[in-house]
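Okay, so here's the structure we're looking at.
Quick note: numbers below take in every heavy atom, side chains included, and nothing from hydrogens, waters or symmetry partners. Numbering of residues begins at 1 and proceeds along the displayed sequence.
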Amino acid sequence: MKAIFDQISFDSSKCVTKAYSTSFSSAVKMLSPTIRQDIYNIYGFVRFADEIVDSFHDYDKEKLFDSFEQDFYRALQDGISLNPILNSFQHTVRKYDIPVDLVKTFLESMRWDLTKTGCDNKEEYHNYIYGSADVVGLMCLKVFVKGDASKYEELKQSAMRLGSAFQKVNFLRDLKDDFENLNRTYFPNANLEKLDEASKKQIIEEIEADFKYGYEGIVKLPIEAKLGVYTAYVYYKKLLHKLKKTPSAKIRTTRIRVPDYEKLSLFARCYFNYKLNIL
């Protein structure tokens, strides 16, 4: 039965989310059940695309990525794919009429990672972040507003800035791994060897400005999405705070993280703030 296959596909996307990111998975659980699965479906797709370019070093990455991209467009056209991750994602794209251009732009940024090792200037940096993060925020926003075009336009810029903030925090946290394992750096003029206190301060101020703008959109989100997005926001703000307090020399040698006990405390506080309506 098709319904059984679809459920297996949905379960696969949920499993990918839980396996690859416990923090994001915890935030998704704070979303309303009416939209939770569709966010799993989006995450599964973007996670697999990212894995191809970042992890499959013993294989022909370009060939794998070509197949993945072609299979997505075929799935969207046919309304089904035997790849469970693509099957669940195309379901969400069609359900919420997510613009294919957003997906195309995301895939272009992932393909960029196959050949480039860094952003040479601010324009490349902003273009990459738009394609790798902002458009993912917009895909999720389509789900959050459930097809309300006016609400989507109202919150579009905030969703993009929040996506940018999350991505830049990831870049700073993963600076060592990206440089040593992938020979890749995203911040112009601030690779692993060049990161000092001045450049770190500039990056953090940029992220804080994104967070401030993004928060203005969080408080306007529909109730089904507000707690989940707020939880992700608080987690990433905490991670940024730790990076801000960490000397640049240590960021170059250590991956900064939020311990599990702190995550639990953060998530509990998010829930109570939400219930008390003090976001």
Side-chain angles (χ1 to χ4, degrees), residues 2 5-7 9-14 16-17 20-21 24-25 27-28 31-52 65 68-112 127-167 214 217-218 220-226 228-229 232:
K2 176 64 160 51
F5 175 67
D6 284 340
Q7 188 58 56
S9 298
F10 298 154
D11 290 345
S12 296
S13 295
K14 181 179 179 180
V16 168
T17 308
Y20 277 99
S21 179
F24 184 75
S25 180
V28 174
L31 298 170
S32 166
T34 60
I35 60 172
R36 194 179 298 158
Q37 182 62 59
D38 290 294
I39 301 304
Y40 286 139
N41 296 347
I42 292 172
Y43 182 88
F45 174 79
V46 301
R47 181 73 264 171
F48 267 31
D50 192 56
E51 281 301 294
I52 293 171
F65 196 86
F68 186 76
E69 183 174 21
Q70 291 163 11
D71 288 347
F72 161 69
Y73 288 118
R74 190 175 299 114
L76 193 60
Q77 178 180 322
D78 296 343
I80 189 172
S81 174
L82 293 181
N83 178 327
I85 298 301
L86 293 179
N87 187 57
S88 60
F89 181 61
Q90 66 81 25
H91 170 85
T92 296
V93 171
R94 292 160 68 95
K95 178 180 178 181
Y96 293 98
D97 196 24
I98 294 175
V100 179
D101 282 350
L102 296 180
V103 185
K104 181 181 178 182
T105 300
F106 168 76
L107 290 171
E108 287 173 350
S109 280
M110 293 300 98
R111 187 177 290 281
W112 184 92
N127 287 342
Y128 182 82
I129 289 177
Y130 173 75
S132 65
D134 294 5
V135 297
V136 178
L138 294 178
M139 291 183 214
C140 293
L141 182 60
K142 275 286 186 179
V143 175
F144 296 155
V145 301
K146 294 185 175 180
D148 186 330
S150 62
K151 196 70 173 176
Y152 176 79
E153 289 300 322
E154 178 189 358
L155 299 178
K156 186 176 179 179
Q157 293 301 318
S158 294
M160 291 168 60
R161 293 289 291 272
L162 195 60
S164 290
F166 291 168
Q167 184 71 300
I218 293 175
K220 298 177 184 177
L221 281 170
I223 191 170
E224 294 90 344
K226 188 178 294 185
V229 179

Under a 4.5 Å cut-off applied to non-hydrogen side-chain atoms, are [X] and [Y] in contact?
| X | Y | result |
| --- | --- | --- |
| Phe24 | Ile39 | yes |
| Val229 | Leu162 | yes |
| Glu153 | Ser150 | no |
| Gln167 | Val136 | no |
| Trp112 | Ser132 | no |
| Val16 | Tyr40 | no |
| Phe48 | Met110 | no |

Revision key, fill the gap. Of all heavy-atom pairs linking Ala49 and Phe68, the shortest is CB-CE2, 3.8 Å
Revision key, fill the gap. Scanning both residues in full, the closest heavy-atom pair of Phe10 with Ser88 reads CD2-CB, 3.6 Å
Check your understanding: Which value, rounded to the nearest 0.5 Å, describes the distance between Phe106 atom CZ and Met139 atom CE?
Key -> 6.5 Å
Point to revise | Separation of Asp148 CG from Lys142 NZ (nearest 0.5 Å) | key: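 Lys142 NZ to Asp148 CG: 9.5 Å, rounded to 0.5 Å.
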Pairs of donor and acceptor atoms involving the side chains of residues 78-87, under 3.5 Å and at least two apart or interchain, shall be tabulated with distances.
{"from": "Ser81", "atom 1": "OG", "to": "Asn83", "atom 2": "N", "distance (Å)": "3.1"}
{"from": "Asn83", "atom 1": "OD1", "to": "Ile85", "atom 2": "N", "distance (Å)": "2.9"}
{"from": "Asn83", "atom 1": "OD1", "to": "Leu86", "atom 2": "N", "distance (Å)": "3.4"}
{"from": "Asn87", "atom 1": "OD1", "to": "Ser81", "atom 2": "N", "distance (Å)": "3.2"}
{"from": "Asn87", "atom 1": "OD1", "to": "Gln90", "atom 2": "NE2", "distance (Å)": "3.4"}
{"from": "Asn87", "atom 1": "ND2", "to": "Asp6", "atom 2": "OD1", "distance (Å)": "3.0"}
{"from": "Asn87", "atom 1": "ND2", "to": "Ser9", "atom 2": "OG", "distance (Å)": "3.0"}

Practice item. Applying salt bridge (charged side-chain N to carboxylate O under 4.0 Å, His left out), name anything that partners Lys220, two or more places apart in sequence or on another chain. Key: none
Pairing of [X] and [Y] as salt bridge, 4.0 angstrom limit:
| X | Y | answer |
| --- | --- | --- |
| Arg74 | Asp71 | yes |
| Arg111 | Glu108 | no |
| Arg47 | Asp50 | yes |

Review point. Does Phe72 have any ring-ring contact (aromatic ring centres under 6.0 Å, His included) partners at least two apart in sequence or in another chain, and if so, which?
Key: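 Phe72 satisfies ring-ring contact (aromatic ring centres under 6.0 Å, His included) with Phe45, Phe89 once adjacent residues are dropped.
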